[in-house]
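Within every chain, numbering begins at 1; the chains are lettered A, B, ... in the order of the sequence lines, protein sequences first and strands thereafter.
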Amino acid sequence: MPGVKLSNGVVINFDGSARTLLDALERKQLEVNFHCREGYCGACRCKLVSGEVSYINEPLAFVRKGEFLPCCSVPVTDIEIEIP
Amino acid sequence: MAYTTFNRQINDQMKEPMFFGNPVNVSRYDQQKYGIFEKLIEKQLSFFWRPEEVDVSKDRIDYQNLPDHEKHIFISNLKYQTLLDSVQGRSPNVAFLPIVSLPELETWIETWAFSETIHSRSYTHIVRNISAEPHKVFDDIMLNEKILERAEDVTRYYDDLIDGINLYQRCGEGTHSINGETHSISLYELKRRLYLCVMSVNVLEAIRFYVSFACSFAFAERELMEGNAKIIRLIARDEALHLTGTQHMLNIMAAGDDDADMAKIAKECEEEAYAIFRKAAEQEKDWAEYLFKDGSMIGLNKDILCQYVEYITNSRMQAIGMKAIFSTTQNPIPWINTWLVSDNVQVAPQEAEISSYLVGQIDNEVDGGDFGDFDL
């Protein structure tokens, strides 16, 4: 079960009950910006400090190195992220 | 280099830059230098919709019952949206098609601009429904000072680019005397105008449109003008795709692998890019002042809309690698997000004419057994 570490030190376990990382973050009442939730608008862009995510569907939005879209991804390893 | 509609030069399209290489000859999509534009085309086509599919008849009653200052907010916002899509429905074609060099990008530009024409048609659909005199609404767009002020900045970069391309394609690089006037153009200057134009288009689609969406959805949050909101939701879904397209163009340009000049230009124009964002944000705040001049509405006022302008400007700048220019970090209208979720857009298929639903009605599976009772 990969862990998701936030910049404030809190760790969320991604136990598979949430479909995406965005869902998992929202269940913990974390505010992440979002629009399309399908990977084409890029509004939910977050920083991926360490670890690896995989995409459920390949995002169309531009994702630069060190960023990822939580709306269409799941963690593969333990990850550390920063929500803008 | 003069434009030709079917360039006879045999070239490897995979080696052309996005712009200012050879004009495109064969429209082929079996290979793409940038697969993203092919994917954007596919996505945009899957989004196809027509304004008539959305029933806006209840909006007429809602509109008649609005107090005057809210009528002003609604109709001014709609006029502004009409201006923006009038520009976007034609300008990408006129400005970018004569200089594009990749078939997938060429078709993306055409697909993008076409969807903007659907948006323009939907404004007529909306206005016809709420007003017995739609011509008055449209006629005022050309007379309304506040809207025309906006038009100036929205179109300036397009017009500079188009003017430069005309000169370059007719006369080539250098200083030319035309009808007694002297004009100079260089390819580098044209590329600079292109970069600034794409930047200003990105600002139009990523900030200006979203400020107007906020106003449309603020009515619908109160269960008013819901037909209009349904249409704006479809428009917003398209716009998200368009601004992803311009963000990709800007990022490809800045990276420099496509055209080394563009990376240099991106650096040289950094200050000007910041200025474009800053000016657009200021104008949108002025616009908020005009919208709410006679009073606020529940859920939205001048200050909240101004905060949203700052928030969305920051977030759009960061998306293309720029630094935020405002201190606002929180979205003052978080409810807007639920209006922008794509899977909420399609209501029950039987209630609206959704192409995928209709296509699904036809059974394409045929095997030999289906002809079993056929006698010849």
Return the [atom1] to [atom2] distance between [X] and [Y], rounded to the nearest 0.5 Å.
X         : Y         : atom1 : atom2 : answer
Thr329(B) : Asn33(A)  : OG1   : CG    : 11.5 Å
Glu42(B)  : Leu60(A)  : CD    : CG    : 10.5 Å
Phe62(A)  : His248(B) : CZ    : NE2   : 7.0 Å
Glu58(A)  : Lys39(B)  : CD    : NZ    : 6.0 Å
Leu241(B) : Tyr40(A)  : CG    : OH    : 7.0 Å

Atom NZ of residue position Lys5(A) - does it have more than 12 heavy atoms of other residues, nucleotides or ligands inside 6.0 Å? no
Are there more than 12 heavy atoms of other residues, nucleotides or ligands under 6.0 Å from atom CD of Gln31(B)? yes
I want to know whether Phe213(B) and His35(A) have ring centres closer than 6.0 Å. no
Check for a donor-acceptor pair, side chain of Arg64(A) on one end and backbone N or O of Ala319(B) on the other, with a separation under 3.5 Å. yes
Inter-chain contacts: residues 7-26 of chain A against chain B, heavy atoms under 4.5 Å: none
Per-residue contact mode, Tyr210(B) against chain A (heavy atom under 4.5 angstrom): side chain
Contact class of Gln330(B) relative to chain A, heavy atoms under 4.5 angstrom: side chain
Answer yes or no: is there an ion pair linking Glu38(A) with Lys43(B), defined by an N-O contact shorter than 4.0 Å? yes
